[in-house]
*Asks:* 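Questions regarding the structure given below will be posed in turn.
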There are 2 protein chains.
Amino acid sequence: MPDNESRFQQLAARLKEHDYRLTPQRVALLRLIASSEGHPSAAHLYEQIKAQFPTTSLATVYKTLNLLKDLGEVLELGFSDDDNRYDGSRPDPHPHLICMRCRKILDPQVSLVDDLTQEVAEQTGFQVISHRLDFYGLCPDCQQNQ
Amino acid sequence: MPDNESRFQQLAARLKEHDYRLTPQRVALLRLIASSEGHPSAAHLYEQIKAQFPTTSLATVYKTLNLLKDLGEVLELGFSDDDNRYDGSRPDPHPHLICMRCRKILDPQVSLVDDLTQEVAEQTGFQVISHRLDFYGLCPDCQQNQ
DNA sequence: TAGTCTACGGATAACCGTTATCCATAGTAA
DNA sequence: TTACTATGGATAACGGTTATCCGTAGACTA
């Protein structure tokens, strides 16, 4: 896994590559996205960036996130009953582990995803293109403190 | 898998069991839910039931679905960018296969879910309670007709 | 440096599926 | 018949996200 600074450089390079401007607001957002743990929501990023740029609009946060999403650099986790969350470290589809109590989201290291995907495809004749694998439960911290 | 009629009887019994009334609208909805393939949306059920009860409100559809959901008899599949879909045949969490073209949703028969769940739990220390496993792709029909 | 052009940021209205609210009434019980 | 309550229907409200509008910062040209 690359460190935060190099991940930020990657994101910045991708924007430049497509002739998008690196405005101060975007730079600040890229740094937040590259360094964030736990998969922040747009509202969370909005709260964080207001510390540096108090006049920033929530729309700017969404615009930047969608820009990175369209470039394939950010994975959007949509929830119908909660804020969307964003994964700026690993844009490829992968399983997530969601704590039902503190709403923290982790990326587990697993090996069986490809096997399960293949089983599903063979079972149904589907051409599987992507996936969204969410596990819900309690993180170790919340198991202790409940 | 039970046939549609017995599934309907199950649903009806569950409502009676909790002293909910079996109104004509609810009976019609229960039959639709028990017999539906491909995981209908609330709007889809609404269109269907209007053939029998033209004055039915969309709110009644949602109320009945939420009733069954709270009783654990219907599984709600929420999508942040699309209508929610409802599984009235298998209320327990299980993988789904979603066609990106015709939006059909299938229930694949797979054996590796428990293994993957266990791997995730051991890897992270999470107490895994539930899951939501969606695979996206093209169904056999849409592979041919594209 | 001045002028022009365009991408961008900020503010906010609009969107849309879902939920809440209100009221009339059907069904139940006494 | 009367009173009570759950239910259905209509629609307003909700809330996260997106679209729209406008002023401007920044880049390019000469």
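A, B, ... follow the sequence lines: proteins, then strands. Residue 1 opens every chain.
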*Asks:* Determine, for B:R132 against B:E76, whether the closest basic-nitrogen to carboxylate-oxygen distance falls under 4.0 angstrom.
*Replies:*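 B:E76 and B:R132: not salt-bridged.
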*Asks:* Parallel, tilted or perpendicular for B:Y20 and B:H18, by the 30°/60° rule?
*Replies:*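 Ring orientation of B:Y20 relative to B:H18: parallel.
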*Asks:* Got A:D134 and B:D134 here, is their nearest side-chain heavy-atom distance under 4.5 Å?
*Replies:*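 Side-chain contact under 4.5 Å: no.
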*Asks:* Under 4.0 Å between a side-chain nitrogen and a carboxylate oxygen: does that hold for B:R31 and B:E5?
*Replies:*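 Salt bridge: yes.
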*Asks:* Rounded to whole Å, please give me the gap between CG in B:L67 and P in D:dT7.
*Replies:*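 After rounding, the reported distance stands at 7 Å.
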*Asks:* Given A:F126 and B:L106, is the side-chain contact (heavy atoms from CB on, under 4.5 Å) satisfied, shown in steps?
*Replies:* CA-CA 10 Å; A:F126 256 65; B:L106 297 185; 3.6 Å; yes
*Asks:* Near DNA chain C, counting only heavy atoms under 4.0 Å, which residues of residues 71-84 of chain B show up?
*Replies:*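 Listed by number, they are B:D83, B:N84.
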*Asks:* Does anything in residues 13-32 of chain A come within less than 4.0 Å of DNA chain D? Heavy atoms only, and list the residues if so.
*Replies:*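 None - not one residue of the stretch has a heavy atom sitting under 4.0 Å from the strand.
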*Asks:* Among A:L133, A:V113, A:V110, A:L75, which one satisfies side-chain contact (heavy atoms from CB on, under 4.5 Å) with A:H94?
*Replies:*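 It is A:L75; the other options fail the test.
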*Asks:* Contact list please: residues 37-60 of chain A against DNA chain C, heavy atoms, distance less than 4.0 Å, in numerical order.
*Replies:*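 Those residues whose heavy atoms fall under 4.0 Å from DNA chain C, taken from residues 37-60 of chain A in numerical order, are A:T55, A:T56, A:S57, A:A59, A:T60.
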*Asks:* Go through it in stages, so that I can follow the logic: the residues are B:Q118 and B:E122, the test is side chain to side chain donor-acceptor pair (under 3.5 Å), and I'd like the CA-CA distance, side-chain angles, deciding distance and then a yes or no.
*Replies:* CA-CA 6 Å; B:Q118 192 172 350; B:E122 289 176 356; 3.2 Å; yes
*Asks:* Rounded to the nearest Å, what distance is computed from the CG atom of residue A:L68 to the C1' atom of nucleotide C:dC8?
*Replies:*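 Taking CG of A:L68 and C1' of C:dC8, I get 15 Å after rounding.
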*Asks:* Would you say B:R103 and B:R85 make side-chain contact, with heavy atoms under 4.5 Å?
*Replies:*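 Answer yes - side chains close enough.
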*Asks:* Is the backbone N or O of B:L71 less than 3.5 Å from a side-chain atom of B:R14, with the two atoms forming a donor-acceptor pair by type?
*Replies:*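 Answer holds: yes.
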*Asks:* Run the numbers on B:Y136 and A:I129 for side-chain contact (heavy atoms from CB on, under 4.5 Å), then give the verdict.
*Replies:* CA-CA 6 Å; B:Y136 290 87; A:I129 295 171; 5.5 Å; no
